[in-house]
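This report concerns only the one structure given below.
We count residues from 1, following the sequence as given. All ligand and atom numbering here is 1-based and tracks the order in the structure.
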Amino acid sequence: MKKSPVGIVGAGPVGLLCALGLARSGVECVLIERESGVADSPRAIAHHWSTLPGLDALGVLDTCFDRGFRKNDFAVKSYKTGEEIRWTLDVLNGRAKFPYNLYLPSTRLGR
Ligand SMILES: Cc1cc2nc3c(=O)[nH]c(=O)nc-3n(C[C@H](O)[C@H](O)[C@H](O)COP(=O)(O)OP(=O)(O)OC[C@H]3O[C@@H](n4cnc5c(N)ncnc54)[C@H](O)[C@@H]3O)c2cc1C
């Protein structure tokens, strides 16, 4: 059988992590990006708790923790009414390996 590298279009977080996963599994891949490097516009910042085991499996979670920060409480405020809603992810304690979100701009995650 002829073997060809896997082609991945786009060096956004999905393409980069896909390429990393394939490479770590010994699968040759080619990543094609139309820009000259990893996009610099800050898009995703919050990486939800349910995605952290994936970053852990790829061996990059500790570096992400070093470069970003973890948070499990949040607030939304309506400036019109002054109403504030606060909540936490405490319900995940003992249920999820990482019961918090990671905050790291996707551009830094990509790098
Ligand atoms: C303002 C904003 C805030 C957001 N905040 C969050 C957040 O806090 N948390 C969260 O989880 N998500 C957030 N998102 C969503 C998140 O940014 C996307 O889900 C994520 O970027 C998708 O990743 P991706 O790799 O699929 O695509 P993209 O990040 O869009 O990357 C696609 C890449 O493909 C390249 N490309 C496109 N077409 C071609 C082509 N034809 N040839 C070669 N290269 C090509 C582009 O240049 C780009 O680098 C936010 C989005 C926006 C706009």
Side-chain angles (χ1 to χ4, degrees):
M1 250 174 82
K2 190 179 169 217
K3 279 193 179 177
S4 304
V6 174
I8 301 168
V9 180
V14 173
L16 286 166
L17 290 168
C18 183
L20 180 62
L22 287 170
R24 291 257 160 93
S25 306
V27 178
E28 196 182 341
C29 55
V30 176
L31 183 60
I32 301 159
E33 169 56 48
R34 71 178 166 192
E35 303 294 336
S36 56
V38 174
D40 246 354
S41 68
R43 281 172 286 188
I45 289 176
H47 305 281
H48 293 268
W49 61 273
S50 58
T51 64
L52 302 189
L55 294 175
D56 194 30
L58 289 170
V60 295
L61 188 60
D62 287 339
T63 308
C64 290
F65 284 157
D66 285 347
R67 299 191 182 174
F69 64 91
R70 295 168 244 193
K71 191 160 172 55
N72 91 331
D73 61 329
F74 310 91
V76 172
K77 182 172 183 170
S78 164
Y79 284 99
K80 201 172 174 186
T81 63
E83 185 184 17
E84 197 169 278
I85 301 168
R86 293 180 171 274
W87 74 98
T88 73
L89 295 179
D90 287 350
V91 69
L92 296 176
N93 290 339
R95 292 188 169 93
K97 188 171 178 192
F98 307 105
Y100 38 76
N101 292 346
L102 162 71
Y103 289 81
L104 176 71
S106 56
T107 48
R108 295 182 73 189
L109 173 70
R111 284 190 203 105

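- D90 and N72 share a side-chain donor-acceptor pair at under 3.5 Å.
- For ligand 1, the atoms sitting less than 4.0 Å from at least one non-hydrogen atom of V14 are 23 (O), 24 (P), 25 (O), 26 (O), numbered in the order shown with element in parentheses.
- Cation-pi contact between R86 and F74: absent, since separation from the ring centre below 6.0 Å together with deviation from the ring axis within 45° is not met.
- Across the listed options G37, G12, A44, G15, A44 owns the non-hydrogen atom lying nearest to atom 13 (C) of ligand 1.
- The environment of R111 atom CZ is dense: over 12 non-hydrogen atoms of other residues, nucleotides or ligands sit within 6.0 angstrom.
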Walk me through whether D73 and W87 qualify under side chain to side chain contact (heavy atoms under 4.5 Å, CB included). CA-CA 6 Å; D73 61 329; W87 74 98; over 6 Å; no
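- Of the listed options H47, R34, E35, R34 places a heavy atom closest to atom 45 (C) of ligand 1.
- Polar contact with ligand 1: absent for H48 (N/O pair, distance under 3.5 Å).
- Surrounding CD of E28 are at most 12 heavy atoms belonging to other residues, nucleotides or ligands under 6.0 Å away.
- Following chains of ILVMFWY side-chain contacts shorter than 4.5 Å, one can reach V27 starting from I8, so the two form part of one hydrophobic cluster.
- Using a 4.0 Å cutoff on heavy atoms, P13 counts as a contact of ligand 1.
- Compare G10, P105, G110, C18 by their heavy atoms: the one nearest to atom 34 (O) of ligand 1 is in G10.
- Under a 4.0 Å criterion applied to the non-hydrogen atoms of I32, ligand 1 contributes the atoms 43 (C), 44 (N).
- Near A46, with a cut-off below 4.0 Å to any heavy atom, the atoms of ligand 1 are 7 (C), 8 (O), 9 (N), 10 (C), 11 (O).
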